[in-house]
Amino acid sequence: MLAARKKANWILAAILIPLTLLTLAAMAFMWPSGSKEGITLASPYATAPGVTFDTGKIQRVVVGSCSDVQAGGDAAAQQDTPGSGTAPQPPNAGSQCTFAYTEPDKGGNPVKVVINPDVAKSHGVKPGDNIRYLNLSKVQGAAGQGAPAYVFVDFVRTLPIIFLAVLYAVVVIAVARWRGLRALIGLVGAYVVLVSFMLPGLVEGKPPLLLALVGSTVIMIGVLYFAHGFSARTSTALLGTMFGLAITALLAAWATDAANLAGVGSHDAATLTNISDNISISGIILCGLIISGLGVLNDVTITQSSAVWELWELAPETSARQLFTSAMRIGRDHIASTVYTIAFAYAGAALPVLILVMLYERPLGDALTSAELSEEVIRTLVGSVGLVLAVPVTTLIAVLVVKATGIRGGVVARVASERTQPEGTVPGRTQPERGRPERIGPDTGGPDRAGSESGGSDGAGAATRRGRRAALRG
């Protein structure tokens, strides 16, 4: 058994170690320089001299004439009354504006912040909200031009996000314990690879397909082994993940070209196109198609590998065919639920676009193949194909490995039956008749009565011992 287990582990190592070394070498060769030469980008977060981004808490909200916009917060405060409204109202034909009297976090009197019309209409602001606003009060000439002195920029979401992050970490660690903690640390490492290798590589014009494959493989190697430990079942899941990743990459490369995914309909894509000649939007889309399926692919492969091991431990005498069939039943259920997960996740992300398509009353076929939805549709299909094909491959590899690392079914079944036989009996023998107690053989604690009465050493107890040793040797 030990020899077979070592042999299986050596086979896995002989496959995975060269792949890992090759991936790391490719990563080192493709590592981006970090240079931003030739990139011209006007950051929306940059400010002119004297202009700052400030934060504060809203004290009250009023609606008034847009002509009341003044540079001085105190002067404006004297013109509005608190009774004019405590909830934001949409502007009326450009004549009504929403103002939030905000107490700066750095101290001082409340300032009058002009709220963007789209924010006031879609979400609104209320007392107690923490906001970030543009402070133009120190810019010379701003008041004379009638421009607002304080303009809303965004909400401050630090506390809610920190609360959710802490809650998520506590729940994961409480349920999954040390493995959950390792998974969270592995997630941080995955984002380090994404930010330091893949994103700069795309900016510098590295081959997107190779960049996505190398980066995703490094992420999966680190995440799987760090979260689940070095074992045969983790190595099996990693092989299945690599297979699914390769299928996804090939399909993504073909689909990006065949479907002409240019990404030109996005404002962000148009911005990236104009800032550098090295950035390829289609390459970014290709890389995104591969990265988007990593989490679900990892989920399916590690689940299938664990399922095979658990099924074998419950019934070690199960044949390889039966074990594969049983594990695939679990895999089919997982496939069905995961396909729904992918589709609904992308549908939720594209919900505003779906609403617009519905309002336009376009035919379903035209909508699904349009520039607005085609990328999401292809992402769903490509990820699902790689996911589905990874399930049988991972299951087959896991069955072959688990059978190679286990002892033969006949011996396992015999040992299991010995453990479950009532105390006071010899394995392989029938129960003694009622009223005729029989002492068990020397191998279980006492001399064998039949062997003692016969006066020989070849009694039932000795024969049983020899048979057991022969079976274990075989």
Side-chain angles (χ1 to χ4, degrees), residues 14-39 186-187 189-226 235 237-264 266 268-269 272-273 275-298 301 375 378-387 389-390 393-394:
I15 297 174
L16 289 174
I17 289 179
L19 286 176
T20 302
L21 294 177
L22 181 62
T23 302
L24 293 176
M27 187 178 191
F29 179 75
M30 297 178 61
W31 193 266
S33 63
S35 173
K36 295 183 180 180
E37 184 179 355
I39 296 179
L187 181 62
Y191 276 103
V192 169
V193 174
L194 179 66
V195 173
S196 62
F197 173 70
M198 302 180 75
L199 298 185
L202 289 172
V203 171
E204 294 183 11
K206 304 289 184 181
L209 180 61
L210 188 58
L211 190 74
L213 273 176
V214 171
S216 300
T217 303
V218 170
I219 289 174
M220 287 294 98
I221 292 174
V223 167
L224 279 170
Y225 281 124
F226 190 78
S235 299
L238 180 58
L239 282 176
T241 302
M242 288 183 174
F243 173 82
L245 188 61
I247 295 297
T248 302
L250 292 176
L251 281 176
W254 174 83
T256 303
D257 181 65
N260 297 311
L261 296 181
V264 294
S266 169
D268 295 332
L272 289 174
T273 303
I275 66 174
S276 176
D277 295 334
N278 295 328
I279 298 178
S280 170
I281 301 302
S282 60
I284 294 176
I285 294 175
L286 169 61
C287 195
L289 292 178
I290 298 173
I291 296 174
S292 61
L294 285 182
V296 181
L297 184 61
N298 173 34
T301 54
E375 184 179 337
I378 291 176
R379 181 180 288 111
T380 302
L381 297 177
V382 168
S384 298
V385 170
L387 163 72
L389 292 180
V393 172
T394 305

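Counting from 1, the numbers follow the sequence of the chain as shown. Just so you know, these numbers use all the heavy atoms, side chains as well, and skip hydrogens, waters and symmetry mates. Since the model is a prediction, treat every value here as computed from it, not as a measurement.
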Visitor: Taking side-chain contact (heavy atoms from CB on, under 4.5 Å) as the test, write out the residues that go with Tyr191, two or more places apart.
Guide: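 With neighbours one apart ignored, the set is Leu187, Leu194.
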Visitor: Quick test of your reading: applying side chain to side chain donor-acceptor pair (under 3.5 Å), list the pairs with at least one residue in residues 199-215, sequence neighbours left out, ordered by first then second residue.
Guide: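 Found Ser33-Glu204.
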Visitor: Please report the closest heavy-atom contact between Ser196 and Pro32, naming both atoms and the distance.
Guide: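 That would be O-CG, 3.7 Å.
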Visitor: Please report the shortest heavy-atom distance between Ala212 and Ser216, naming the atom on each side.
Guide: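 Nearest heavy atoms, Ala212 then Ser216: O-OG, 2.7 Å.
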Visitor: Restricting to non-hydrogen atoms, name the atom on Ser235 and the atom on Leu16 that form the minimum distance, rounded to 0.1 Å.
Guide: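 What the structure gives for the nearest pair is CB-CD1, 3.5 Å.
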Visitor: Just jot down the side chain to side chain donor-acceptor pair (under 3.5 Å) partners of Ser292, sequence neighbours excluded, or say none.
Guide: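 Here the qualifying residues are Tyr346.
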Visitor: Once ring-ring contact (aromatic ring centres under 6.0 Å, His included) is applied, do any residues pair with Phe226, and if so which ones, sequence neighbours excluded?
Guide: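 Once residues adjacent in sequence are excluded, Phe226 has no partner under the ring-ring contact (aromatic ring centres under 6.0 Å, His included) criterion.
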Visitor: Among all residues two or more places apart in sequence or in another chain, which pass the side-chain contact (heavy atoms from CB on, under 4.5 Å) test with Ile221?
Guide: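 Ile221: side-chain contact (heavy atoms from CB on, under 4.5 Å) contacts with Thr20, Thr217, Tyr225, Leu238, Met242.
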Visitor: Give the table of side-chain donor-acceptor pairs shorter than 3.5 Å for residues 283-291, with sequence neighbours excluded, one pair per line with atom names and distance.
Guide:
none

Visitor: Between Val214 and Phe197, is the side chain to side chain contact (heavy atoms under 4.5 Å, CB included) condition met? List the steps.
Guide: CA-CA 10 Å; Val214 171; Phe197 173 70; 4.2 Å; yes
Visitor: Please find the pair of heavy atoms, one from Ala190 and one from Val223, that lie closest to each other, and give the distance.
Guide: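 Heavy atoms of Ala190 and Val223 come nearest at CB-CG2, 4.2 Å.
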Visitor: Looking at residues at least two apart in the chain, or sitting in another chain, which of them share a side chain to side chain donor-acceptor pair (under 3.5 Å) with Thr301?
Guide: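 Scan of Thr301 (side chain to side chain donor-acceptor pair (under 3.5 Å), adjacent residues dropped) gives Thr241.
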Visitor: So Leu245 and Leu294, side chain to side chain contact (heavy atoms under 4.5 Å, CB included) or not? Walk me through it.
Guide: CA-CA 8 Å; Leu245 188 61; Leu294 285 182; 3.6 Å; yes
Visitor: Taking ring-ring contact (aromatic ring centres under 6.0 Å, His included) as the definition, give me every residue that meets it alongside Trp254, ordered by chain and number, with sequence neighbours left out.
Guide: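 With sequence neighbours excluded, Trp254 shows a ring-ring contact (aromatic ring centres under 6.0 Å, His included) to no residue whatsoever.
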Visitor: Can you name the side chain to side chain donor-acceptor pair (under 3.5 Å) partners of Thr380, sequence neighbours left out?
Guide: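 For Thr380, no residue satisfies side chain to side chain donor-acceptor pair (under 3.5 Å) once neighbours in sequence are set aside.
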Visitor: Tell me the closest heavy-atom pair linking Leu389 and Phe243, and the distance in Å.
Guide: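 Reported closest heavy-atom pair: O-CE2, 3.6 Å.
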Visitor: Look up atom CG in Leu211 and atom CE in Met27, then write down how far apart they are to the nearest 0.5 Å.
Guide: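 Here the interatomic distance stands at 9.0 Å.
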Visitor: Work out which heavy atom in Gly244 is nearest to a heavy atom in Ala390; give both atom names and the distance.
Guide: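 Closest approach of Gly244 to Ala390: CA-CB, 4.0 Å.
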Visitor: For Val382, enumerate each residue passing the side-chain contact (heavy atoms from CB on, under 4.5 Å) test, keeping only those at least two apart in sequence or located in another chain.
Guide: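 Testing Val382 for side-chain contact (heavy atoms from CB on, under 4.5 Å), a comparison that skips the adjacent residues, returns Thr248, Leu251, Ala252, Ala255, Ile378.
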Visitor: Taking side-chain contact (heavy atoms from CB on, under 4.5 Å) as the test, write out the residues that go with Leu21, two or more places apart.
Guide: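 If we apply the side-chain contact (heavy atoms from CB on, under 4.5 Å) test to Leu21, skipping adjacent residues, the hits are Ile17.
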